[in-house]
**Student:** 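Have a look at this one before I ask anything.
Proteins come first, then strands; the chains are lettered A, B, ... in the order of their sequence lines, and each starts at number 1.
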There are 2 protein chains.
Amino acid sequence: MDTNQISLICKALSDPNRLQIIQLLTCGDQCGCDLLERMQITQPTLSHHMKALEGCGLVSSVKKGKWNHYSLNRDQWTAFRDYIESIRAACKEEGGCCS
Amino acid sequence: MDTNQISLICKALSDPNRLQIIQLLTCGDQCGCDLLERMQITQPTLSHHMKALEGCGLVSSVKKGKWNHYSLNRDQWTAFRDYIESIRAACKEEGGCCS
DNA sequence: ACTATACATTGATGATTGTCAATATGATGT
DNA sequence: ACATCATATTGACAATCATCAATGTATAGT
């Protein structure tokens, strides 16, 4: 995953409401109305945020009847997490990774 | 670390230039002019980005003579990484974490 | 004192963002 | 057909952002 993609994911996570949505989805799929009940925003605002989360690939949605089932996209999240884990601070002080 | 703090860090990482700065600092402390040489932005813009990275606690700076030595703040980065790692997708499919 | 270097600040500009009210779409049940 | 529920879209607004040119402020070397 390249730097631009990572920055897009970080932008999607840069809003507390969207972070809360991610946390709620941690417990499994949820529809929009369930998310809405647990948050302090209006329905259009939620729709806006879901679009942002889908746009960077973190969340997928499947329409089932009236409802949209949102879920965390495990692969995308793992790729993001791997990138974050790959950042190691001040290697210089630990033996060095660069010449 | 609470959700608001995490979102501030993500906002700081939501710009490709700032992500590049973080990567450059991975190899150890660097001064502003070194960073500037490796990037495609002007000096005021770099100064602006460094302020953003310091503002969320990801980067620390120490003035030594003419130079500012920037370094990744290991503790803050670790706390952020721990939060990201704590997010696990769709526990429902793995035994469930919620009732 | 003078010059050069490293960095910060200011001011301006165009772009993006988060939010909501209003409205539209689309599916379900009666 | 009609009413209801879930969600999307539009339009508007204030706020924030990324960027740069110009300028200011130190510090170091001569």
**Student:** Answer yes or no: is there a donor N or O on one side and an acceptor on the other, between the side chain of B:Arg18 and the main chain of B:Ala12, under 3.5 Å?
**Tutor:**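 Present.
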**Student:** Would you compute the distance between atom CD1 of B:Ile9 and atom CG of B:Asn4 and round it to the nearest 0.5 angstrom?
**Tutor:**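 Going from the CD1 atom of B:Ile9 to the CG atom of B:Asn4 covers 11.5 Å.
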**Student:** Starting from P on D:dA18, measure out to CG on A:Leu8 and report it in whole angstrom.
**Tutor:**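 These atoms are roughly 13 Å apart.
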**Student:** Can you tell me the distance, in whole Å, between the CG atom of B:Leu35 and the C1' atom of C:dC7?
**Tutor:**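 Taking atom C1' of C:dC7 as the reference, CG of B:Leu35 is at 12 Å.
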**Student:** Closer to the 5' end of DNA chain C via nearest nucleotide, is it A:Gln40 or A:Lys64?
**Tutor:**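 Closest to the 5' end, via its nearest nucleotide, is A:Gln40.
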**Student:** If you assign each of A:Ile41 and B:Cys33 to its closest nucleotide in DNA chain C, which residue comes earlier from the 5' end?
**Tutor:**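 Looking at the nearest nucleotide for each, B:Cys33 comes out on the 5' side.
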**Student:** Quick check against the 3.5 Å criterion: does B:Gln30 have a side-chain atom that pairs as donor or acceptor with the backbone of B:Tyr70?
**Tutor:**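 The answer is no, because no donor-acceptor pair under 3.5 Å joins these two groups.
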**Student:** How long is the line joining CE of B:Met50 and P of C:dA6, in whole Å?
**Tutor:**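 B:Met50 atom CE is separated from C:dA6 atom P by 16 Å.
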**Student:** Consider only side-chain heavy atoms of I, L, V, M, F, W and Y, link residues closer than 4.5 Å, and tell whether A:Leu36 and A:Trp67 are in one cluster.
**Tutor:**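 No, because A:Leu36 and A:Trp67 fall into different hydrophobic clusters, even though each may have its own neighbours under 4.5 Å.
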**Student:** Of the listed nucleotides (C:dT19, C:dA27, C:dC7), which one gets closest to any side-chain atom of A:Lys66?
**Tutor:**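 Closest nucleotide to the A:Lys66 side chain: C:dA27.
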**Student:** Heavy atoms from C-beta onward define the side chain here; which of D:dC17, D:dT7, D:dT19 lies closest to that of B:Lys11?
**Tutor:**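 Minimum distance to the B:Lys11 side chain belongs to D:dC17.
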**Student:** OP1 or OP2 of C:dA27 less than 4.0 angstrom from a side-chain nitrogen or oxygen of A:Asn68, does that happen here?
**Tutor:**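 Looking at the OP1 and OP2 atoms of C:dA27, neither is under 4.0 Å from any side-chain N or O of A:Asn68.
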**Student:** For B:Gln20 and D:dA18, give me the distance from atom CD to atom P, rounded to whole Å.
**Tutor:**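 The distance from CD of B:Gln20 to P of D:dA18 comes to 15 Å, rounded to the nearest Å.
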**Student:** For A:Asn17, which residues count as a side chain to side chain contact (heavy atoms under 4.5 Å, CB included) partner, sequence neighbours excluded?
**Tutor:**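 With sequence neighbours excluded, A:Asn17 shows a side chain to side chain contact (heavy atoms under 4.5 Å, CB included) to A:Asp15, A:Gln20, A:Met39, A:Ile41, A:His49, given in chain and number order.
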**Student:** Rounded to whole Å, please give me the gap between CH2 in B:Trp67 and P in C:dA8.
**Tutor:**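 Nearest whole value for this atom pair: 15 Å.
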**Student:** Please report, rounded to the nearest Å, how far the P atom of D:dA6 is from the CG atom of A:Leu36.
**Tutor:**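 Checked: the CG to P distance equals 10 Å.
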**Student:** Would you find a donor on one side and an acceptor on the other, under 3.5 Å apart, between the side chain of B:Ser86 and the backbone of B:Tyr83?
**Tutor:**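 Yes.
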**Student:** Distance check needed: D:dA8 C1' versus A:Leu53 CG, whole Å only.
**Tutor:**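 Value for this atom pair: 16 Å.
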**Student:** When you group the ILVMFWY residues by side-chain heavy-atom contacts below 4.5 Å and let the links chain together, are B:Phe80 and B:Leu8 in the same group?
**Tutor:**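 B:Leu8 does not cluster with B:Phe80.
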**Student:** Kindly say if B:His49 contacts the phosphate of D:dT19, meaning a side-chain N or O under 4.0 Å from OP1 or OP2.
**Tutor:**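 True: B:His49 side-chain N/O within range (under 4.0 Å) of D:dT19 OP1/OP2.
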**Student:** Would you list the protein and nucleotides 9-12 of chain D atom pairs, both N or O, that sit under 3.5 Å from each other?
**Tutor:**
none

**Student:** Do we see a donor-acceptor contact under 3.5 Å between the side chains of B:Ser61 and B:Glu54?
**Tutor:**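 Result is yes, a qualifying pair exists.
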**Student:** So, does B:Asn17 get its side chain near the phosphate of D:dT19, meaning an N or O under 4.0 Å from OP1 or OP2?
**Tutor:**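 Affirmative; the distance criterion is met.
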**Student:** Quick one: CG on A:Leu24 to CG on A:Leu35, what's the gap to the nearest 0.5 Å?
**Tutor:**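 So the gap between those two atoms works out to 6.0 Å.
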**Student:** Is there a donor-acceptor pair closer than 3.5 Å between any side-chain N or O of B:Trp77 and the backbone N or O of B:Val59?
**Tutor:**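 Not confirmed, B:Trp77 side chain does not pair with B:Val59 backbone.
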**Student:** What integer distance in Å separates A:Gln30:CD from D:dA6:C1'?
**Tutor:**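 Whole-Å distance recorded here is 15 Å.
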**Student:** Over the length of the helix from C:dA1-D:dT30 to C:dT30-D:dA1, how much do the five-pair end axes diverge, rounded to 10 degrees?
**Tutor:**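 Both end axes considered, the difference amounts to 20°.
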